[in-house]
Amino acid sequence: YTACYYDLDLIIEFINSHDDINSVCDLGSGTGRALLYMALEVDRELEYVGLELVNERVEFTNSIAKYFDLKNLFFKTCNFLERPNDFLGFDGYYLYDPVGTDDVSLLVSYFEKMISDGAKFYILFISGWDDLMLDALDKLETLEKIDSIKSRKQQDRYVNFYKVI
């Protein structure tokens, strides 16, 4: 399973309705399909950064961004679990299977630290069988779940929207 365009359309609708989102970071961007789609479909220009562990994917997605002249879209080879400063300062974080189950608590602890340092942001998270991440985000008292919409395509998947309160 990969995030389907029907679910990404829900995320695009959310971004389009929130003018305070000016930048989106995709943690574990893979081949970059989600951010490429967002960059083409969101109704205003945002900054998009994808962080991905596999350099070949990063090179490929950067070449596509260059081909389409998407100057606001950039992918970086990065182990963001070892370098959390690389994902500081964004208005929105797109998550779709960003880490393995053993690393969920570490990633959530980085979000907790950002919140305690005063950061304000949204988390745009497509969940399903990765209930560990969903449960961890739902337990953060300083993170409000704004909405959870059943996937338009995949059974047992939800598109979740959180905001730091």
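Keep in mind it's a predicted model, so treat the numbers as computed, not measured.
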- Query: How far apart are the C-alpha atoms of Tyr96 and Arg157, what are their side-chain angles, what is the distance that settles it, and do they pass the side chain to side chain contact (heavy atoms under 4.5 Å, CB included) test?
  - Reply: CA-CA 11 Å; Tyr96 175 79; Arg157 288 254 173 211; 3.4 Å; yes

- Query: For the side chain of Asn16 and the backbone of Asp43, is there at least one donor-acceptor N/O pair under 3.5 Å apart?
  - Reply: yes

- Item | Asp138 side, atom CG; Asn160 side, atom CG - distance, nearest 0.5 Å | 7.0 Å

- Taking atom NZ of Lys71 as the centre, does the number of heavy atoms from other residues, nucleotides or ligands within less than 6.0 Å exceed 12? no

- Query: Taking Tyr110 for the side chain and Leu81 for the main chain, is one N or O donor matched with an acceptor at less than 3.5 Å?
  - Reply: yes

- Query: Looking at CD of Glu45 and CG of Leu70, how far apart are the two atoms once the value is rounded to the nearest 0.5 Å?
  - Reply: 9.0 Å

- Message: Taking ring-ring contact (aromatic ring centres under 6.0 Å, His included) as the definition, give me every residue that meets it alongside Tyr37, ordered by chain and number, with sequence neighbours left out.
- Response: Tyr5

- Task: Side-chain contact test, heavy atoms from C-beta onward, threshold under 4.5 Å: evaluate it for Ile146 versus Tyr122 and give yes or no.
- Result: yes

- Taking the six-membered ring for Trp and the full ring for Phe, Tyr or His, determine whether the centres of Phe121 and Phe111 are under 6.0 Å apart. yes

- Message: Could you measure the distance from the CD atom of Glu52 to the OG1 atom of Thr61? Nearest 0.5 Å is fine.
- Response: 8.0 Å

- Please answer: with hydrophobic residues joined when any side-chain heavy atoms are less than 4.5 Å apart, are Ile165 and Ile123 in the same cluster? no

- Item | Side chains of Asp26 and Tyr48 in contact at under 4.5 Å (non-hydrogen atoms) | no

- Between OH of Tyr93 and CG of Leu27, what distance do you get to the nearest 0.5 Å? 7.5 Å

- Message: Are the side chains of Ser23 and Val49 in contact, using a 4.5 Å heavy-atom criterion?
- Response: no

- Item | Flag side-chain contact, heavy atom, 4.5 Å: Phe75 against Arg57 | no

- Would you find a donor on one side and an acceptor on the other, under 3.5 Å apart, between the side chain of Asn72 and the backbone of Leu46? yes

- Treating Ile, Leu, Val, Met, Phe, Trp and Tyr as nodes and any side-chain heavy-atom pair under 4.5 angstrom as an edge, say whether Ile12 and Ile126 lie in one connected cluster. yes

- Query: Is there a path of hydrophobic side-chain contacts, each under 4.5 Å between heavy atoms of I, L, V, M, F, W or Y residues, that connects Leu10 with Tyr6?
  - Reply: no

- Side chain of Asn55, backbone of Thr77: donor and acceptor closer than 3.5 Å? no

- Is Lys145 atom NZ crowded by more than 12 heavy atoms from other residues, nucleotides or ligands, each under 6.0 Å away? yes

What side-chain donor-acceptor pairs closer than 3.5 Å can you find for residues 102-109, not counting sequence neighbours?
unit_1, atom_1, unit_2, atom_2, d
Ser109, OG, Leu106, O, 2.6

- Note on the structure: Separation between CG (Leu73) and CG (Asn62), nearest 0.5 Å, reads 7.5 Å

- Task: Of all the heavy-atom pairs spanning Asp86 and Cys78, show the shortest one and how long it is.
- Result: OD2-SG, 3.1 Å

- Message: Could you tell me if the side chain of Phe161 sits less than 4.5 Å from the side chain of Leu124, heavy atoms only?
- Response: yes

- From Tyr162 OH over to Ser148 OG, what is the distance, rounded to the nearest 0.5 angstrom? 7.0 Å

- Same cluster (ILVMFWY, side-chain, under 4.5 Å), Met133 and Val164: yes

- Message: Taking salt bridge (charged side-chain N to carboxylate O under 4.0 Å, His left out) as the cut-off, I'd like each qualifying pair that reaches into residues 112-124, sequence neighbours left out, listed once.
- Response: Lys113-Asp117

- Could you tell me whether Phe60 atom CZ has more than 12 heavy atoms of other residues or ligands within 6.0 Å of it? no

- Task: Could you point out which residue of Ile15, Val24, Ile21, Ile11 forms a side-chain contact (heavy atoms from CB on, under 4.5 Å) with Val42?
- Result: Ile15

- Query: Quick check: does any side chain N or O of Asp7 sit under 3.5 Å from a backbone N or O of Ser151, one acting as donor and the other as acceptor?
  - Reply: no

- Query: Is Leu8 reachable from Ile149 through a run of I, L, V, M, F, W or Y residues, each pair having side-chain heavy atoms under 4.5 Å apart?
  - Reply: yes

- Is any side-chain heavy atom of Glu47 less than 4.5 Å from a side-chain heavy atom of Phe74? no

